[in-house]
Each structure stands twice: as structure tokens, then as C-alpha cells.
Amino acid sequence: MKLLSKIRSLSTNRSRLTNLSEVVLIITCHQLELYPNQHYAVDQLWIMFLRQTWTINNMVHKVFVYGTLKRNEPNHGTMTNPENGVATFIAEGMTKEKYPLIIATKYNVPFLLHSPGTGYNVKGEIYEVDDKMLSNLDILEDHPNCYIRDKNDIVLTDSTHRTVMKCWVYFLKMFKPELLSKPFLEDYKSEGDHGMRYCERCKRDVNFKLKLAVRDDCAYL
């Protein structure tokens, strides 16, 4: 019970505890102090308890990424940089409903248009992220000025039981019909056959604003 009290106390102090792995380390060290001749693995019940305790002060969110944030894509470093927060890969998935995924602007930015029933069941990846990572993703996607973050049903593609998860998805909601005439993608790759390689922000005009560029591309009303 003393250990439980210690962990619960630590979990309420963000300045001393930054992620779940630190809690696991504390417990492992405590076990080794009690049983120096035996190396005990952290029990799954401990993990369940720690997740519940940690979630009280650091909410866990599920996010579905379909474009440059995916593995092996230009902006995936955002997900792996610990300075941005915590992001844990959960599974590959696809949208339950069909949506048009397009590439637009002179910098070849992928946009998921909020037009249910049009396009494909878009493929992507599901991540669990903490508050800090979600906030940084909002900044990257310029939510809510450009993209809009919305909850959507995502089907796990590697599940035999068609498991569905509610995930945050970044959509472009305010657009003119002309964008629906662009080619639709099912599975985005910057180096895909479309020949429209994504231009990273560090290589763009310093005065470039995504929102303005999208407006120039007739996306906004």
C-alpha cells in the first residue's frame, strides 16, 4: 500500500513525472530493492493500474493519421520527437466511411475532405497521444483555422473482428466543389505514383501560409 500511495502521489506531480515509463521504472527499482536476487517483470495488473492513474492527469487520445504524419512519411518525426509529447503506435486502420483524400496547393499537401460517401475508405495509422502531443498536432495542422479535428469511426485493418475505434481525424471541412474533381487517394504516400512529392515546410517560402494557399486553391468559401 505504501508503494501505491507513492505512485499515486507522483502521478499528480507533472513536474516530477513526465510519462508512464518513469512510473514503470520506479516500480521495477522498488521490486529489485525488495528482491535483489530476482528480476521481476512488471505485472500487467500494474500496467492497468498505472494507465488509469496516469490518465487522471494526462488524458490519452486516439488520433488517426492518413498523410505526412504516417511512418516513413515527411512529418513522422513530429510523432517520434519526445519534446512534442508522447505518441504510441496502436494499429493500422481505415475510415469506416468513404472520404476523398486529395493533394492540393503548390506544395502538394494532402487534405482529407469532409464529404462522407465520396472517395475511398482511407488507410492510415492509429496512435495514442497525450495532451501535449495533441496540442502540437493541432498547431501543425492549424486547427481550427485550416483543418478541423473531429471524432470519426476508424476500422482496424489487422483485426479479424472488424474492431472500430473512435479517433480524432483532421478534416478540411470548408471547401468548394471544385476540389472534388481532383484525383482521390486510398493510401497516401509522398513518393507515390501521383508524382506530387510533398514539400516540407523548411523548403517553402517563409511567407507561405497554408490557410491562404488553400484559399488560393479554391478550398475555402
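When reading the values below, keep in mind they use all heavy atoms of this one structure, side chains included, and skip hydrogens, waters and symmetry mates.
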For the atom pair [atom1] ([X]) and [atom2] ([Y]), what is the distance rounded to the nearest 0.5 Å?
X	Y	atom1	atom2	value
Tyr120	Asp187	OH	CG	11.5 Å
Tyr66	Tyr99	OH	OH	11.5 Å
Met174	Ile148	CE	CD1	8.5 Å

Compare all side-chain heavy atoms of [X] with those of [Y] and state whether any distance is below 4.5 angstrom.
X	Y	value
Arg162	Val155	yes
Trp168	Lys151	yes
Thr68	Thr78	no
Lys173	Asp150	yes
Tyr127	Leu69	no

Is the backbone N or O of [Y] less than 3.5 Å from a side-chain atom of [X], with the two atoms forming a donor-acceptor pair by type?
X	Y	result
Lys70	Tyr188	yes
Asp130	Val86	yes
Asn121	Thr95	yes
Asn84	Asn136	no

*Does the pair Arg197/Glu191 count as a salt bridge with the N-to-O cut at 4.0 Å?*
yes
*In terms of side-chain geometry, is the basic nitrogen of Glu125 or Arg71 positioned less than 4.0 Å from the acidic oxygen of its partner?*
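Looking at Glu125 and Arg71, the cut-off is met.
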_Arg149 and its side chain to side chain contact (heavy atoms under 4.5 Å, CB included) partner, picked from Val169, Leu137, Leu134, Val63_ = Leu134
*Is it true that the side chains of Asp138 and Tyr170 contain a donor and an acceptor less than 3.5 Å apart?*
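Per modelled atom types, Asp138 and Tyr170 side chains form a pair under 3.5 Å.
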_Closest approach of Asp158 to Glu92 (non-hydrogen atoms, all atoms of both residues)_ =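 In this case the closest contact between Asp158 and Glu92 is OD1-O, 4.1 Å.
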